[in-house]
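Structure first, then comments.
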Amino acid sequence: MNQKETYQAAKEMYAAIGVDTDAAMEKLKEIPVSLHCWQGDDVTGFDHEGPLTGGIQTTGNYPGKAKTPEQLMQDMDMALSLMPGKKKLNLHASYAIFEEGEHADRNELAPKHFAKWVAFAKERNMGIDFNPTFFSHDRIKDGLTLSSPDEETRRFWIEHGKACIRISEYFAKETGTPCVMNIWTGDGYKDIPADRMAPRMRYKDSIEQILAEPYDKKLVKPCVESKVFGIGVESYTAGSAEFTLSFAATHEGCLPLMDNGHYHPTEFVSDKIPALLCFYPEIALHITRPVRWDSDHVVLFDDETKEMAKEIVRCNALNRVYMALDYFDASINRIAAWVVGFRSWQKALLGALCTPNDMLARLQDENRMTELMVWQEELKNYPFGAVWTEYCERCGVTADKSWLETVKKYDEEVLRKR
């Protein structure tokens with residue numbers, strides 16, 4: 001049986017339970033997923049030469065890390081060519097590109113410092129998402145930025161946030177796609193603080209000042225991202241889950257952003273997605289894979305990844321959830337890491353779209369829980385692989401692991417010679 005015959009058999013099997021696989025594939029082709037630039041250079045960026053600091057860390061020394069904007073774009077192009085589906089570009093402010101002899105500190109960043117990224121995105125028909133960079137900078141004082149008790153320090157980072165609002169609106173106007181701008185800091189304390197409230201009140205005021213910068217709310221989607229702990233801030237973070245959810249709930253137009261690595265090991269973002277969708281018109285996600293803690297491992301086609309995708313689809317929220325990948329692994333080929341993670345999330349979304357959600361929900365509502373369990377188990381043996389192969393072919397990319405040979409050749413001819 002050839003591939004087309006295999007797919008036809010799978011299509012008929014899914015049709016028997018009310019799933020239109022052709023429609024599922026066409027829908028998936030229109031769902032944008034934001035691809036993070038920082039996987040390509042270990043979150044180094046181009047606006048500083050110092051180490052990565054601020055509660056995050058990258059481990060590994062695989063050869064060929066991108067050292068210039070041109071190299072990073074070249075590597076990203078290679079990765080994009082091996083991924084099915086619709087992409088957006090996700091940038092951090094530290095990836096500003098300066099002309100020779102020019103430099104602007106983060107509070108002085110302007111749209112012109114990202115013009116080359118806009119040209120890159122427009123040529124590839126991608127929108128752009130954005131993140132102010134509140135780490136790896138000498139203006140961080142005692143590990144604090146937007147929550148700092150030092151007003152000069154706090155003012156610098158507020159102005160950085162305002163600059164990023166302006167840049168985000170520039171991205172949206174240039175690409176014709178709304179820009180999701182995510183506010184995250186590693187502000188916190190290594191040991192037990194004496195005052196938990198004051199830093200959060202300063203953080204709240206700082207974000208409010210940033211969002212007071214004029215912008216078109218249809219074009220810029222500001223988010224606040226929580227963090228349970230980080231390296232050097234193990235005991236307390238100003239931007240806890242309760243803080244960010246409450247801030248977003250009380251500030252119109254501000255979205256909560258959940259990173260599924262930013263919670264305790266027994267918490268699952270898949271369960272939180274439908275809870276938040278009961279109250280928020282839109283939410284945002286950073287999709288990663290925590291191993292024991294927020295370790296930002298490459299996204300795999302694992303159970304929690306599948307469940308997160310299922311909840312978005314079950315809740316009919318594909319147009320309400322902004323999805324972005326967020327991980328960085330320097331111990332393996334960085335391009336392969338990009339490709340594996342993106343393809344894993346595409347698989348999860350396609351699997352969710354090929355699930356007979358209405359039928360399963362009906363069994364639950366009718367308290368036919370035995371049948372529900374049996375069907376949930378039965379669906380695990382359905383021929384999803386044939387649908388995935390067909391989807392990849394329709395998107396013009398290989399479905400199996402043969403794409404790795406392209407990456408290996410690029411590794412030898414480009415990465416190893418840097």
Side-chain angles (χ1 to χ4, degrees), residues 32-50 65-81 83 86-137 139 156-184 210-211 213-223 322 324-326 334-335 338 418:
V33 176
S34 204
L35 186 67
H36 54 311
C37 72
W38 51 93
Q39 165 58 43
D41 76 334
D42 310 339
V43 207
T44 301
F46 306 124
D47 74 341
H48 67 285
E49 296 181 354
K65 180 180 79 169
K67 296 183 176 66
T68 67
E70 292 75 22
Q71 289 179 353
L72 185 56
M73 291 177 186
Q74 180 185 14
D75 292 351
M76 186 167 278
D77 262 340
M78 172 53 64
L80 291 170
S81 72
M83 301 169 181
K86 188 174 182 178
K87 299 94 175 174
K88 288 183 78 178
L89 172 64
N90 205 359
L91 294 174
H92 249 285
S94 54
Y95 289 80
I97 300 175
F98 304 111
E99 298 297 331
E100 187 174 354
E102 178 195 17
H103 181 76
D105 212 341
R106 290 186 188 167
N107 64 329
E108 299 173 335
L109 289 174
K112 67 178 182 178
H113 301 126
F114 296 88
K116 291 183 180 178
W117 283 116
V118 167
F120 177 87
K122 289 171 74 172
E123 287 172 6
R124 290 151 187 81
N125 195 30
M126 296 193 297
I128 305 177
D129 292 332
F130 199 45
N131 306 261
T133 306
F134 297 103
F135 54 83
S136 298
H137 194 279
R139 291 298 297 268
F156 175 87
W157 290 109
I158 290 170
E159 291 304 318
H160 172 56
K162 286 176 172 287
C164 290
I165 288 281
R166 296 190 291 270
I167 294 164
S168 296
E169 188 168 67
Y170 160 69
F171 287 155
K173 288 179 177 178
E174 286 291 321
T175 65
T177 304
C179 176
V180 178
M181 195 199 89
N182 179 46
I183 296 172
W184 172 85
I210 290 171
L211 298 185
E213 179 71 16
Y215 67 93
D216 187 333
K217 291 185 178 181
K218 292 181 180 179
L219 298 180
V220 180
K221 304 287 183 175
C223 306
Y322 295 96
L325 301 181
D326 182 10
R334 295 172 183 84
I335 295 169
W338 259 326
R418 286 179 177 168

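Here, residue 1 is the first one in the sequence, and each next residue gets the next number. In what follows, every heavy atom counts, from backbone to side chain, and hydrogens, waters and symmetry copies are set aside.
Between Phe156 and His137, the gap from one ring centroid to the other is short of 6.0 Å. Aromatic pair Phe130/Phe114: ring centres closer than 6.0 Å. In this structure, the ring of His92 has its center no less than 6.0 angstrom from the ring center of Phe46.
Between the side chain of Arg106 and the backbone N or O of Ala93, no donor-acceptor pair lies under 3.5 Å. Of the possible donor and acceptor atoms, none in the side chain of His36 sits under 3.5 Å from a partner among the backbone N and O of Trp38.
In this structure, Phe134 and Trp157 have tilted ring planes: the angle between them lies in the 30° to 60° band.
The side-chain hydrogen bond (donor to acceptor under 3.5 Å, both in side chains) check on Trp338 picks up nothing, with sequence neighbours excluded. Residues meeting the salt bridge (charged side-chain N to carboxylate O under 4.0 Å, His left out) test with Asp41, sequence neighbours left out: none. Every residue two or more places apart in sequence or in another chain that forms a side-chain hydrogen bond (donor to acceptor under 3.5 Å, both in side chains) with Asn182 is listed here: Glu225. Asp75 is linked by a salt bridge (charged side-chain N to carboxylate O under 4.0 Å, His left out) to Arg418, counting only residues two or more places apart in sequence or in another chain. Pro178 meets the side-chain contact (heavy atoms from CB on, under 4.5 Å) test with Lys221; sequence neighbours excluded. Residues meeting the salt bridge (charged side-chain N to carboxylate O under 4.0 Å, His left out) test with Asp77, sequence neighbours left out: Arg124. Every residue two or more places apart in sequence or in another chain that forms a side-chain contact (heavy atoms from CB on, under 4.5 Å) with Ser81 is listed here: Met78. Applying the side-chain contact (heavy atoms from CB on, under 4.5 Å) test to Glu102 and every residue at least two apart in sequence or in another chain returns Phe98, Glu99, Lys112, His113. In this view, Ser34 and Lys88, Asn90, Asp129, Ala324 satisfy the side-chain contact (heavy atoms from CB on, under 4.5 Å) rule, not counting sequence neighbours. Residues that satisfy the side-chain hydrogen bond (donor to acceptor under 3.5 Å, both in side chains) test with His48, not counting sequence neighbours, are absent from this structure. Partners of Asn107 according to the side-chain hydrogen bond (donor to acceptor under 3.5 Å, both in side chains) rule, which considers only residues two or more places apart in sequence or in another chain, do not exist here.
Summarising the geometry of Leu72 relative to Cys37, their closest heavy-atom pair is CD1-O, 3.6 Å, with the distance given to 0.1 Å.
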N/O donor-acceptor pairs under 3.5 Å from side chains in residues 166-177, not counting sequence neighbours:
from, atom 1, to, atom 2, distance (Å)
Arg166, NH1, Glu213, OE2, 3.1
Ser168, OG, Cys164, O, 2.8
Glu169, OE2, Asp216, N, 2.7
Glu174, OE1, Lys122, NZ, 3.0
Thr175, OG1, Phe171, O, 2.9
Thr175, OG1, Thr177, N, 3.4

